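Following: one structure in structure tokens, then a few remarks.
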Amino acid sequence: MRILLIMPYGSVGGMERLALNFYNYYISKGYEVKALKLIKLESDIINFGEDELFLSSRDFAEMSTIERMMFYLKAPFRIRKIIKREKISHSISFGDMTNVFSSLTYTKEFKIASIHALKSVELSAKNMLNRIFGLSYHTTYRNFDKVVCISKAIKKDLLDNCGYVFNNLQVIYNPHNVSQILELSKEKITDNTEVHIFSKKTILFLGRMSVQKAPWHLINAFAKLSMTKSNLVFIGDGDDRVLDYLKKQINDLKISDRVFFLGRRKNPYKYIKSSTLVSLSSYYEGTPNVIVESLCLKTPVVSSNCTDGILELMSIDQIDQIEHNNIMTEGGIVTPNLFKGDLSIPSEETSEYLSEEVSLSQGLQYGLENVVSLQNGIENKYELLLSKFDLKNVAKKYLNNSLE
């Protein structure tokens, strides 16, 4: 079996970590695997050694509009050449852009796409790429043997709200190499500044600082906490416009001494393990890898209800209403959805908190004050929570020609 994994970048994002998990597993089984990045950068954290291929070493932001258009037009033909040259029997693409390019190669390998977010929300931002992605759901996606949705909520959204018309969807949760996560988490934090930061109760955001992740809501919720001897840490890179907004926001709220941006980190697991809580304030998600990774390390999660997939991840059967419309699950606390229909950086500053930000703040406050109880909730259902994310089972399901 000869497998091609196609991903956008080599950053520490969820799709790239998923591709790396698959790569390591399939290699261990004796398969021949190539990993293709659309964009390869010197700063890449996720790499595939001699099995790595790429289409460009320049980021899209560095390309002119014409250069970017030419990249889009040529990409399917370049991927087609790679598939034929490497005699690929199975290809797996991660995310909309790579899915569309793969769907246009018109090659005969067993072709698998994967969708990782709630698309009706994402496509509400009107731009050329989103129009193409939306159109592909009832045109070129017919060329896939299997389209993996990483939650039931994503599959339902595609069928109900995105005009998806083909009978090739299958729900398969993202896999996680639990033993590897546990091993990597044992690495100690040695930087003196970081040791000091994590010596206090710490809320961790792990991911890309983007409009989708809406981290300004998390900062507002954190600023409202009565527990002032706590820190908020951001790990990951992001959109410079978002980062500039966040830094101004933090200064205006006078909490710059308690909010820290650590940038990319090759081993995020030691930071998850060292945190009191992991938190998300996203407008939309699929099934965020960081939630499962946090559960692996028994670190409770406080997340906005950015998709029904959040409850799929964080609960088995315990769903209890607590104050401020927050929901208690075995994995932590789910707070109300923050999305108001606008996928953009806030254009106006306001001293008023959204009611959903208040609920998120209350969830964080509860989590900081009751962390032992939340950890016990994870411990009691640990095996059940993680059973659906077993790497061996998931990796086999992807390659299986059944849609069951």
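Since the structure is predicted, the reported quantities are computational estimates derived from the model, not experimental observations.
Atom CG of Leu73 has more than 12 neighbouring heavy atoms from other residues, nucleotides or ligands inside a 6.0 Å radius. Counting heavy atoms of neighbouring residues, nucleotides and ligands inside a 6.0 Å radius, atom NZ of Lys201 exceeds 12 of them. Atom NZ of Lys40 sits in a crowded spot, with more than 12 heavy atoms from other residues, nucleotides or ligands closer than 6.0 Å.
Counting heavy atoms from C-beta on, the side chains of Arg2 and Glu32 come closer than 4.5 Å.
Residues Arg264 and Asp237 are paired through a salt bridge, judged by an N-O separation under 4.0 Å between the basic side chain and the carboxylate. By the 4.0 Å N-to-carboxylate-O rule, Arg241 lies close enough to Asp239 to be salt-bridged with it. Salt bridge status for Lys213 with Glu285: present, with a side-chain N to carboxylate O gap under 4.0 Å.
Ring orientation note: the planes of Tyr72 and Phe101 are tilted relative to one another, at an angle of 30° to 60°.
Aromatic ring centroids of Phe198 and Tyr271 lie under 6.0 Å apart.
Judged purely by atom type and a 3.5 angstrom limit, Gln212 has no side-chain atom pairing as donor or acceptor with the backbone of Ser282. In this structure, Thr299 contributes its side chain and Leu295 its backbone to no donor-acceptor pair below 3.5 Å.
Expressed to the nearest 0.5 Å, how far NE2 of His90 lies from CD1 of Ile83 amounts to 12.5 Å. In this structure, CZ on Phe260 lies 10.5 Å from CD on Glu194, to the nearest 0.5 angstrom.
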